[in-house]
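Values below: every heavy atom of this structure, side chains too, minus hydrogens, waters and symmetry copies. Position 1 is the first residue of the sequence; numbering continues from there. Numbering of ligands and ligand atoms starts at 1, following listing order.
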Amino acid sequence: MKNQSLMTKLLALCRARGFLFPSSEIYGGLNSCWDYGPLGVQLKNNLKRAWWTDMTKRRNITGLDSSIIMHPKTWEASGHLEGFTDPLSDCKDCKNRFRLEDSCCPHCGSSNITKSRNFNLMFKTFMGPVEEDSSLVYLRPETAQGIFVNFLNVQKSMRLKIPFGIAQIGKAFRNEITPSHSIFRTREFGQMEMQFFTPPEESDKWFEYWREEREKQLLSLGLTFRWKDHSSKDLAHYSKKAGDIQFEFPWDWDELEGIHHRGDYDLSRHQKFSGKKLQYFCPEKKISYTPYVIETSIGTGRLFLALLCSAYKQEEERVVLKLSPHIAPVQIAILALSKKTDLIDLSQKIRVDLEKKYFVDYDDSGSIGKRYRRQDEIGTPFCVTIDFESLEDKKVTVRDRDTMKQERISIDSLPSFFLKSF
Ligand code: ATP
């Protein structure tokens, strides 16, 4: 890994400050499973809200929240039952199972290994009380299929005209052989996906459009990245054309988001397997056709990790998370300099006012220097300190996280100050 120490320090901070905890830690944890702590869930919700707003503010994008468990035929139609596999071998000596990349076992070096067999990455479970083949169901490996099977329900109920898109945020599950880099590749993860339905002849134009739109949103969160086209041998079975938005993680450049031109693969396959027509009737041309699909797909946890990696700065006398003010889990910290009643009353009044609009933290204990450091480490863009003079001159000190500059501002003008700053 290029920058192992950044990853180690970042994970230590995430744990100490309540962003991320290993799942079921008191039982020794569970490989690849993570819990988002109080600040982590706030940051994750802010990311989801930013993505959701950016999508659904458009008149032709609508939302959906489909079920995680779907009819098993869905996965036959989507190609996941047949094609969503990794070739695995078993070591007859140490009994480990692994992806065969070399001629011997990567765990013990033995060459006493089985021939590789395809292993499906979908999680299986049983629906109802009887564990038999007829009750076998899968946890979805992507949120996209819930959108495809609802294509006509959404189009008709919302009277949508093509081109239009359906956005969805939800959990997906993949029994990854090599989960890695904490929340980068896990077996249970969040996805934010949007499927955009277009006339076939316009699909190339919309592919470029959505690539640019996604890049704009990631830039607005303060990220830098690069684009990588998929070569024809890397294309997924459903894809006509695709590329990744990659971020430079501490180990290397790696995929953050995928943009895929899925053609009419999904709708055609669901039509075939369900026997139900999934076509759009164009009222102007008076013809029915199967639209093409452009997909944007980003992992919520991957975006979370990329933002933390890019925000983490080790400066001479402090560690600071330079998160964009829009997504910071705490936007303003109210710090009362002492626990004197008048001071606390005034501080609480300011807190109640600002809380109507911003995520606010309140802290009145410990040295002010330590309190500033804690807020820097969790990425709070502004601290408002209330001191004894505040009781007289009705002014407070506002400290900027990035410049550490302090400014004396009248309490009355705090709302307009923050309106300009966020
Ligand atoms: P990778 O090869 O990096 O595991 P992928 O090419 O299989 O990803 P897609 O199927 O295109 O990924 O999924 C779309 C997005 O979902 C990815 O860009 C990533 O952000 C996220 N994602 C996919 N698999 C995982 C996972 N196991 N853990 C966390 N996020 C994931």
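- For Lys44 and Tyr36, the positive end sits near the middle of the six-membered ring, less than 6.0 Å away and at most 45° from its axis.
- For ligand 1, residues of the protein lying within 4.0 angstrom by heavy-atom distance are Arg174, Glu176, Phe184, Arg185, Thr186, Phe189, Gln191, Glu255, Leu256, Glu257, Gly258, His260, Ser297, Ile298, Gly299, Arg302.
- A cation-pi geometry, defined here as NZ or CZ lying under 6.0 Å from the six-membered ring centre and within 45° of its normal, holds between Arg399 and Tyr372.
- Here the side chains of Ile69 and Tyr138 are not in contact, with every heavy-atom distance at 4.5 Å or above.
- Counting heavy-atom neighbours within 6.0 Å of Glu355 CD, excluding the residue itself, gives a total above 12.
- Between Phe164 and Phe151, the ring planes are parallel. Angles under 30° get that label, and only those over 60° would be called perpendicular.
- Taking the six-membered ring for Trp and the full ring otherwise, Phe418 and Phe382 have centroids separated by under 6.0 Å.
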